[in-house]
Amino acid sequence: MVFTLTTPLYYVNDRAHLGSAYTTLACDAIARQRRLCGESVLFITGCDEHGQKIQRTAEAAGLSPQAHCDAVSEGYRQLWQSWQISNDRFIRTTDPRHRSIVEQFFARVEANGDVIEGRQQGWYCVACEEFKDDPHEAQDPECSLHRRPLEWRDELNLFFRLSRYQHQIEQLIRQDGFIQPQNRRREVENFVAQGLRDFSISRVNLPWGIGVPGHSGHTFYVWFDALLGYLTALLEPGDEPDLQLLSERGWPASLHVIGKDILRFHAVYWPAMLLSAGLPLPKRVFGHGFLTREGQKMGKSIGNVLDPQQLLDKCGRDAVRWYLLRDIPFGDDGDFQQQRFIDLVNNDLANTIGNLLNRTSSMARRWFADAVPPAGGAKASSHPLAAAALQAQELSEQAWERLDLRAAAEAALQLAITANGFLNDQAPWKLIKQEGQQDQVAADLYAVLEAARQVAVLLAPLVPELSARMLAQLSQDGEPCWPAALRWGLLQPGLGLPEPQPVMARLELDDPL
RNA sequence: GGCUCGGUAGCUCAGCUGGUUAGAGCGUGGGAUUCAUAACCCCAAGGUCGGGAGUUCAAGUCUCCCCCGAGCCA
């Protein structure tokens, strides 16, 4: 069984913003966690590259649409590389094989009688690429979102007969766990309950898109193109594009992670399309929240957008990953606050976790010949830190199960806090000065080092680099596997410890990002 | 206009089917300590639980109305 996980395919109208980075980072953590558990993972991301908006943006820049898409999607690819995103695929909807997949998919849907012609007329926003509901007689209406004039359109388009799938979709979204988080479900339920209406799947006079076979002049509109990118992405490099192949290549998706704004399309339109094409349905759709910045919506007009590349350059991967995944409840809206960002990174990562390892390793080296001390009774599962570690592991597992990345982070952090407290209570720096307490000190330090190792293992999906640095400080090599690496007492007494180096530098930011 | 989800300590949030003095982290203030990245550990703050009305022996937790924020639909 392959765990197939997708981010949305990002629209290349503009370069990546923090929101896309957030989604991708979260997916990366999920993908890493699954891999650690030994699952076979197919992590898909990519770009959606067709549409009128892109055509016009390219024209405005004096580029061909293809050249524009090449440039922007390359920017995405490089961005994800510099964030060390572990995606297995990067699909572009201008990939030649994608055209073939779309055509095959459409052929199935059409053969199923689910494509009809319909007239669509009204005011159209090019930026939204959608028809608006302003009355026909409106004078110079403008789009409330983009504050740009609407264009009058009167087109003959192709429609997908979504209305035929009313019942099946109702059943689907009623399933527990299909739509997550749970509190988004009702919104979709109500939408469906109003009665599903056929939706248009083509546009005319829009050359920058995939032509609809047998309907000259029509190109596919976003959903019949972009969503199918999830399918094309499954193909391996040498594969001929063939829908038949997909079940062997990881379809259906186990999880689509998306922003809450496109939940409807993924939870209603997409499943209906798949039903029509005779393909299995994704297992779950997770709609996460949006990020604001210091309480304000991010936008070009306000001039407060946070560029992911710049954020990375100034702060580093671990810091940003930790802040976004640990502090923002995955699924709810969140606010990026610079001071809080700095506080959390410094407190959690540098002070609590980094310093725990540093202080303990330092004592172990000083009093036990630069090595892990003899464990004595500390290997017992009844040791208080063993119990704390077990609890952290359980909390972590439950958290990952429900995609509560925040709780997963807190579980690891809590273990470090407990270990710091234990150290203070035991005060080995006092005991060591007393006669006959050598064994006790050894056991205490062993327990704390082992707890630090577990913290590192638990952190691996969230902040992989920090985790690796911690494990290196503990002379552990190789990928930590879950749950094997979480067994208490794996740390080998006598193992040499390298000179302690801070594993996480404190973040100092004088200027606003 | 209809619907959905939120509105709990300065900040970010926990509070399951209503029931002892409403909790955590950060920030702030005080104390302790020296192994450590001036790090760690302990203690403290008294927040009308958005506002109002109601149900109940008892409501942050249920009902209704209103206000604010986000989103979906029209």
Side-chain angles (χ1 to χ4, degrees), chain A residues 122 130-135 144-145 173 179 181-197 258-265 267-268 287-292 294-297 323-324 326-368 373 395 404 406-407 409-411 413-414 416-433 441 444-445 448-449 452 466 469 473 499-508:
Chain A
E130 272 177 4
F131 282 91
K132 296 292 169 181
D133 299 309
D134 293 67
S144 54
L145 248 68
I173 62 178
I179 294 176
Q182 185 80 247
N183 61 13
R184 294 255 147 72
R185 190 164 94 182
R186 183 138 334 147
E187 185 177 304
V188 179
E189 281 176 349
N190 289 347
F191 170 74
V192 174
Q194 289 171 17
L196 292 175
R197 295 182 304 176
I258 52 168
K260 61 181 181 179
D261 54 332
I262 51 175
L263 181 57
R264 208 176 82 235
F265 302 105
V268 177
H288 72 248
F290 292 149
L291 294 178
T292 51
E294 313 292 347
Q296 277 194 308
K297 201 176 263 191
Y323 174 61
L324 292 178
R326 128 95 221 243
D327 199 43
I328 294 171
F330 194 47
D332 294 344
D333 290 344
D335 190 36
F336 188 104
Q337 298 176 348
Q338 180 161 334
Q339 191 56 53
R340 186 164 173 80
F341 171 41
I342 294 169
D343 287 342
L344 286 189
V345 167
N346 290 347
N347 273 301
D348 300 345
L349 261 29
N351 298 350
T352 301
I353 292 172
N355 185 49
L356 170 71
L357 177 59
N358 198 253
R359 65 195 298 212
T360 313
S361 173
S362 165
M363 286 185 275
R365 279 171 52 89
R366 183 169 309 168
W367 303 320
F368 297 93
L395 288 173
D404 188 345
R406 184 192 209 207
E410 280 173 349
L413 180 64
Q414 187 53 53
I417 291 173
T418 304
N420 268 320
F422 176 81
L423 214 42
N424 272 65
D425 292 343
Q426 298 302 108
W429 51 91
K430 279 184 188 161
L431 279 183
I432 196 70
K433 293 172 188 162
V441 172
D444 289 345
L445 293 181
V448 178
L449 284 171
L466 171 60
R469 285 194 299 276
Q473 288 274 300
E499 190 175 336
Q501 299 285 334
V503 287
M504 187 71 201
R506 294 171 59 85
L507 203 53
E508 314 280 354

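Heavy-atom basis, side chains included; hydrogens, waters and symmetry copies ignored. Within every chain, numbering begins at 1; the chains are lettered A, B, ... in the order of the sequence lines, protein sequences first and strands thereafter. Values in this document were obtained by computation on a predicted structure and should not be read as measured data.
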Please give the distance between the P atoms of B/G46 and B/C57 as a whole number of Å. 36 Å
Among B/C40, B/C35, B/A70, which is the nearest nucleotide to the side chain of A/Asn347? B/C40
When the P atoms of B/C13 and B/G71 are compared, how many Å lie between them, rounded to an integer? 16 Å
Between B/A70 (P) and A/Phe290 (CZ): distance, integer Å: 12 Å
In whole angstrom, give the distance that lies between atom CD of A/Gln337 and atom C1' of B/G25. 14 Å
Answer yes or no: does a side-chain N or O of A/Asn355 lie under 4.0 Å from OP1 or OP2 of B/A38? no
Are there runs of at least three consecutive Watson-Crick or G-U pairs touching RNA chain B, with each pair's two distances under 3.5 angstrom? Give them by first number. B:1-7 with B:67-73, B:10-13 with B:23-26, B:28-31 with B:41-44, B:50-54 with B:62-66
Picking from B/C41, B/G25, B/C3, the nucleotide nearest the side-chain atoms of A/Arg326 would be B/G25
In whole Å, what separates the P atom of B/C67 from that of B/U56? 28 Å
Taking the nucleotide of RNA chain B with the nearest heavy atom to each, does A/Pro502 or A/Asp335 sit closer to the 5' end? A/Asp335
Enter the distance from A/Arg326:CZ to A/Leu413:CG here, rounded to the nearest 0.5 Å. 5.5 Å
Supply the atom-to-atom distance A/Ile173 CD1 to A/Ile179 CD1, rounded to the nearest 0.5 angstrom. 5.0 Å
Looking only at atom C1', what distance separates B/U8 and B/U61, rounded to whole Å? 12 Å
Could you tell me how far B/A70 sits from B/C62 if I compare only their C1' atoms? Round to whole Å. 25 Å
Given B/U37, B/U34, B/C40, identify the nucleotide with an atom nearest to the side chain of A/Met504. B/U37
Interatomic distance at C1', B/A44 relative to B/G10, whole Å: 16 Å
When you compare B/C42 with B/U17, how far apart are their P atoms, in angstrom units rounded to a whole number? 32 Å
Minimal non-hydrogen separation, A/Leu449 against A/Ala364, with atom names: CD1-CB, 4.0 Å
Side-chain N or O of A/Arg406 less than 4.0 angstrom from OP1 or OP2 on B/C13? no
Tell me the interatomic distance from A/Lys260, atom NZ, to B/U4, atom P, rounded to whole angstroms. 16 Å
Reckon A/Arg197 has a side-chain N or O less than 4.0 Å from the OP1 or OP2 of B/A74? yes
What is the separation between atom CG on A/Asp332 and atom P on B/C11, rounded to the nearest whole Å? 18 Å
Looking at every non-hydrogen atom in both residues, tell me the closest pair between A/Trp429 and A/Leu423 and how far apart they are. CH2-O, 3.5 Å
Between P on B/C40 and CD1 on A/Ile353, what's the gap in Å once rounded to a whole number? 12 Å
Quick one: label A/Val503 by what it contacts on the DNA or RNA (base, sugar-phosphate, nothing), any heavy atom closer than 4.0 Å. base
Does A/Arg366 reach a base, just sugar-phosphate, or nothing at all? Heavy atoms under 4.0 Å. sugar-phosphate
Considering only B/U37, B/C26, B/U4, which nucleotide approaches the side chain of A/Arg186 most closely? B/U4
Using atom CG of A/Leu449 as one end and atom C1' of B/C35 as the other, report the distance to the nearest whole Å. 12 Å
Ignoring the backbone of A/Pro329, work out which of B/C3, B/C35, B/C13 is nearest its side chain. B/C13
Within the structure provided, determine whether A/Val192 and A/Val188 are in side-chain contact (heavy-atom separation under 4.5 Å). yes
Just wondering, do A/Gln426 and A/Leu445 contact through their side chains at under 4.5 Å, heavy atoms? no
Of the listed B/C26, B/A36, B/G71, the closest approach to the A/Asn358 side chain comes from B/A36
If I pick the C1' atom on B/G47 and the same atom on B/C11, what distance separates them, to the nearest angstrom? 13 Å
Would you say the side chain of A/Asp327 lies within less than 4.5 Å of the side chain of A/Arg340, judging by non-hydrogen atoms? yes
With RNA chain B as reference, determine whether A/Thr360 or A/Gln194 sits nearer its 5' end, using the nearest nucleotide of each. A/Thr360
Might you point out which heavy atoms bring A/Gly289 and A/Asp333 nearest each other, and give the distance in Å? CA-OD1, 3.4 Å
Side chain of A/Asp333: nearest nucleotide among B/C35, B/A70, B/C3? B/A70
Rounded to the nearest Å, what distance is computed from the NZ atom of residue A/Lys433 to the P atom of nucleotide B/U33? 12 Å
Under 4.0 angstrom between A/Arg506 side-chain N/O and B/A39 OP1 or OP2: yes
Can you check the A/Asp327 CG to B/A14 P distance for me, whole Å? 11 Å
What nucleotide among B/C35, B/C40, B/U37 has an atom nearest to a side-chain atom of A/Asn424? B/C40
Ring-plane angle category for A/Phe336 and A/Tyr323, please: parallel below 30°, perpendicular beyond 60°, tilted otherwise. perpendicular
Between CG on residue A/Leu349 and CG on residue A/Leu466, distance to nearest 0.5 Å: 5.0 Å
